[in-house]
Structures are given as structure tokens and as C-alpha cells.
Amino acid sequence: MLNPVSNRRVSSQFASYHSTSILQHPKDSSLKPVVRRRRTLISSSGVQHIPAVSDRWQDHDLSPGSWDQTPSKGRKKEIPVLKGGKPQGDNHKVPSELRKLIEEDFTAEGEQPVWEKVPKASKEQNYEIVFGISPCLFALTQGRRKAYKLLVKDGEDSHRASVIKVCEEAHRRGVQVHRVSRKDLDRMSSGRVHQGVCLKASPLRYLTEGKASAPPRKDSTTPVWLVLDGIQDPMNLGAILRSAYFLGVDRVATSLRYSCPLSPVVSKASAGVMEIFGVYGYESLEDMLKLKVAQGWQAVGTVGAEVEESPVPVIQCSDFHITKPTLLLMGGEGGGLSRGSLSQCQTLLTIPALRELVPGVESLNVSVAAGILLHSLLSSRRSGS
């Protein structure tokens with residue numbers, strides 16, 4: 001039976017060595033030196049001599065200041081002690097076995113030891129691949145990302161007006177443009193529709209209250225926030241962002257723990273809206289909802305058409321009108337709103353079906369439902385109802 005511990009590997013950025021026990025414990029006289037290799041010396045008379053193992057190792061102090069500085073006869077010149085990876089002259093000598101270990105860390109040109117060669121973090125080390133015409137164009141123009149490199153499909157497609165516009169924007173901002181094969185773009189975009197362009201750029205993060213805030217409205221329209229509780233499908237999130245931006249939502253808020261990240265897939269599904277419209281993330285949606293309700297906002301949840309008895313009033317979306325700042329809550333795929341979010345709702349909205357439904361298809365996709373509800377609510381806000 002194999003020992004599971006023996007199969008484990010421990011990785012490190014430092015070089016590791018198998019040193020002899022006498023090197024590890026120079027003061028321990030009970031340990032005997034290990035002879036790695038027997039050397040044969042030939043004198044001028046032709047007689048071979050096999051040198052005995054020296055016992056000086058047992059009493060040798062390995063501190064740099066106490067190394068023996070007198071070279072022994074019949075032995076090559078010692079390698080000087082290195083400081084900062086460069087020889088410092090003949091002032092200090094090291095024992096032969098330790099010298100061998102040092103030699104293994106240096107090239108013929110005397111470069112620094114392996115453990116000192118820690119590469120600096122690259123500017124492009126933390127990046128992702130944005131793909132698609134609109135996501136790449138808005139990522140360049142909005143300046144919320146750090147753009148490193150634009151990759152364009154080589155061939156006739158690169159002469160399309162939309163592609164040329166993206167290339168001109170990259171050139172205007174000092175971003176390198178490289179022509180690559182379609183196979184390379186397919187690989188970088190994981191086989192998704194890239195439209196012949198990919199952008200190597202830093203990731204986008206959720207906004208927070210402390211780092212950014214929504215710009216004040218230029219009119220006196222009642223504010224409406226869309227609150228997403230556990231949306232995990234990036235395609236749904238992208239579609240919701242596109243509708244929210246188009247219909248005039250003031251802010252999109254989501255939970256940080258149970259939601260998908262702001263990935264390039266979300267950006268592509270939103271037709272690049274994610275690059276324009278900042279999304280706010282909260283550690284606790286329930287705490288945020290409590291705060292806004294205490295400030296006079298109303299929290300409005302959403303449920304399916306066939307809902308069980310609820311202590312909160314359930315009305316059709318067409319019958320609801322915005323009269324004060326409103327939080328519209330949309331639950332995640334399958335599970336709906338969490339108990340904490342439901343506990344803050346004063347009203348629940350539903351979208352009525354316009355035909356008799358077959359069991360199993362009595363609900364809408366969350367992105368479609370969000371579009372319908374937002375249009376109903378924001379239309380009433382615009383008309384002043």
C-alpha cells in the first residue's frame with residue numbers, strides 16, 4: 001500500500017538541496033561525515049594516494065567570519081564568498097563541500113543564485129481577454145480598464161469599418177495592435193463569438209460605496225435601483241445590465257458572495273454595457289436593504305404567477321406605480337429571492353401570463369422578467385403617475 005504522504009510535493013520558489021548530515025549539524029561530533037565520492041590523487045612519482053576523510057568538518061564553524069582562509073595543498077582554489085551575487089575577492093574562502101553547493105547555483109558568468117532570481121510582477125500578469133467589437137471598443141474608450149494589447153484577426157475581416165474603429169481607438173490610446181490567426185482568437189475567447197477582435201486588459205471589479213458613488217441625477221425623477229440577489233449565469237447578468245442601462249435604472253446592485261463575477265462573458269452578453277455601467281457589490285444585501293428602507297425607500301420584490309399565501313401584498317406589475325425611491329429585487333435562477341431579501345419587501349410584483357400554460361413553463365427567464373418589470377415601473381415613473 002502506498003503511503004499518501006510520500007506522493008505529496010511541496011513547491012517553492014527557492015532552490016533546495018540534499019545536504020549531508022554533517023553540514024546540517026556542524027557541532028554534533030556524533031555524526032559522521034558522508035563520503036559522496038572518493039577521489040584519487042596521483043603524485044609526481046606515479047603513486048596513487050586515496051585521501052582519507054577529514055574530521056575537521058565536525059569542529060568546523062560554518063559562520064562566514066570563521067571559515068578557513070588558508071587554502072590546503074592539492075586542492076583547487078576556493079570560490080570567494082558572494083555578496084549580492086558577485087565575487088568579493090579572495091578575502092573569504094569556503095569549505096569544499098559548501099563550495100560545491102555554491103557552484104551549482106552559478107553559471108559560468110557568475111550570475112546570482114537561483115533563490116535570488118525572483119522576477120518582478122509583470123504589468124500584464126493580472127489580465128483577462130475581452131472579446132467582441134462593442135466590449136473591446138467600450139473597454140478602450142471608458143478607461144475603466146488598463147488595456148495592454150489589441151489582437152485582431154488577420155485577413156480581409158480586419159478591413160471592416162467596425163474593426164478599423166477599434167484599432168484606431170487603440171492606436172490613439174497607445175495600445176499595441178497585433179494581427180493573429182482566427183485559431184488564436186478562438187483559443188483566447190474559449191470558442192465564443194469574438195467578431196475578429198480580442199483585448200488583453202485588466203479585470204473589472206464591482207464598485208463599492210467607499211470607492212465610487214453614482215453621479216447625481218440631472219433631473220428630479222424618482223430614483224430606482226435594481227437589486228440582484230444571487231444571479232449566477234453570466235449570460236443572464238449581461239442581458240439584465242443591457243436592459244437596465246437602456247431603460248434608465250439609476251444603479252444595479254448585487255451580492256458579492258453568491259453572484260457571478262464581472263467577466264468578459266458578461267461584457268459580451270451586455271453588448272459592452274458592462275464597460276459603461278458600473279455595478280455595485282455588497283457583502284450583505286440585507287443590511288443595505290435595511291438601510292435604504294430606513295431612509296424612506298420602498299423595497300419591491302418579484303415572485304412567480306402562482307405564488308402561495310404571503311404576508312406581503314402581491315400585485316400585477318402593471319398595477320404598480322412608483323411614488324417614492326424604489327428598490328426592485330430580482331432573485332437568482334431557480335431559487336428566487338433569499339429569505340433575508342424577502343423579509344425587507346413591502347410589496348411583491350408578478351407578471352401575469354396571457355395564456356394557459358403547460359406545467360413546467362409557467363415562469364420566465366430572469367433576464368426577460370427583469371426587462372418587462374423595469375419597463376413597467378420606469379414607464380410609470382417617467383409619466384409621473
Side-chain angles (χ1 to χ4, degrees), residues 142 144 204-231 236-256 259 262 266 270 273-303 312-313 315-332 337-338 340-351 366-385:
Q142 297 302 307
R144 297 176 60 203
L204 272 186
R205 308 297 184 191
Y206 284 110
L207 301 178
T208 59
E209 292 285 356
K211 294 183 178 180
S213 59
R217 295 189 60 87
K218 297 180 181 180
D219 52 36
S220 57
T221 307
T222 306
V224 174
W225 288 11
L226 176 61
V227 181
L228 305 177
D229 186 4
I231 303 297
N236 282 337
L237 179 57
I240 290 172
L241 292 179
R242 187 174 184 177
S243 297
Y245 179 75
F246 182 84
L247 294 172
V249 170
D250 296 283
R251 175 181 293 192
V252 175
T254 184
S255 56
L256 290 175
S259 301
L262 298 177
V266 177
S270 70
V273 167
M274 190 188 82
E275 310 295 330
I276 304 171
F277 197 34
V279 183
Y280 285 76
Y282 294 87
E283 288 289 345
S284 173
L285 280 183
E286 186 176 354
D287 291 344
M288 184 272 287
L289 294 173
K290 289 180 179 179
L291 176 63
K292 302 307 290 184
V293 169
Q295 294 174 352
W297 289 54
Q298 61 179 344
V300 179
T302 54
V303 292
V312 180
I315 63 175
Q316 294 185 8
C317 61
S318 57
D319 295 333
F320 180 81
H321 302 285
I322 293 178
T323 57
K324 58 181 179 179
T326 302
L327 303 163
L328 176 61
L329 281 63
M330 300 292 300
L337 291 173
S338 63
S341 296
L342 278 173
S343 65
Q344 300 302 314
C345 294
Q346 294 111 3
T347 306
L348 296 177
L349 302 182
T350 183
I351 302 174
V366 63
S367 64
V368 175
I372 295 173
L373 290 167
L374 288 174
H375 185 270
S376 178
L377 270 63
L378 295 171
S379 296
S380 68
R381 178 184 71 170
R382 185 175 64 249
S383 62
S385 299

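Since we're looking at a predicted model, the values are computed, not measured. The figures here come from the full heavy-atom set of this structure, side chains too, leaving out hydrogens, waters and symmetry mates.
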Stepwise side-chain hydrogen bond (donor to acceptor under 3.5 Å, both in side chains) check, S318 with S376: CA-CA 6 Å; S318 57; S376 178; over 6 Å; no
Test item: D229 side-chain N/O and S338 main-chain N/O as donor-acceptor pair under 3.5 Å: yes
Gap separating the CG atom of L262 from the CZ atom of R205, nearest 0.5 angstrom: 9.0 Å
Straight-line distance of S270 OG to F246 CZ, nearest 0.5 Å: 14.5 Å
Check: E275 main-chain N/O paired with R144 side-chain donor or acceptor under 3.5 Å: yes
Criterion side-chain contact (heavy atoms from CB on, under 4.5 Å) on Y280 and T208, from CA distance to verdict: CA-CA 6 Å; Y280 285 76; T208 59; 5.9 Å; no
Nearest-0.5 Å distance, CG of residue L256 to CD of residue E283: 5.0 Å
Side chain to side chain, M330 and V366, heavy atoms closer than 4.5 Å: yes
Candidate list L207, I240, L241, test side-chain contact (heavy atoms from CB on, under 4.5 Å), partner V279, passing option: L241
Donor-acceptor contacts, no H, no angles, side chain residues 285-302, under 3.5 Å, sequence neighbours left out:
residue : atom : partner : partner atom : Å
D287    : OD2  : S284    : OG           : 3.2
K292    : NZ   : Q295    : OE1          : 3.1
Q298    : NE2  : T326    : OG1          : 2.9
T302    : OG1  : L329    : O            : 2.9

Student check: side-chain heavy atoms of V227 and T254 closer than 4.5 Å: no
Heavy-atom pair with the smallest gap, counting every atom of V224 and D250: N-OD2, 2.8 Å
Minimum side-chain heavy-atom gap L228-V252 below 4.5 Å: yes
Side chain to side chain, L377 and L349, heavy atoms closer than 4.5 Å: yes
Heavy atoms of other groups near Y245 OH, more than 12 under 6.0 Å: no
Side chain proximity check, Y282 to E209, heavy atoms < 4.5 angstrom: yes
Nearest heavy atoms of C317 and L373, plus distance in Å: CB-CD2, 3.4 Å
Spacing of H375 atom NE2 and S243 atom OG [to the nearest 0.5 Å]: 10.5 Å
Separation of Q344 CD from L337 CG (nearest 0.5 Å): 11.5 Å
Heavy-atom pair of closest approach, residues S259 and Y206: CB-OH, 4.2 Å
Considering all heavy atoms, the nearest G332-I231 contact: CA-CD1, 3.8 Å
Nearest heavy atoms of H321 and D319, plus distance in Å: CD2-O, 3.8 Å
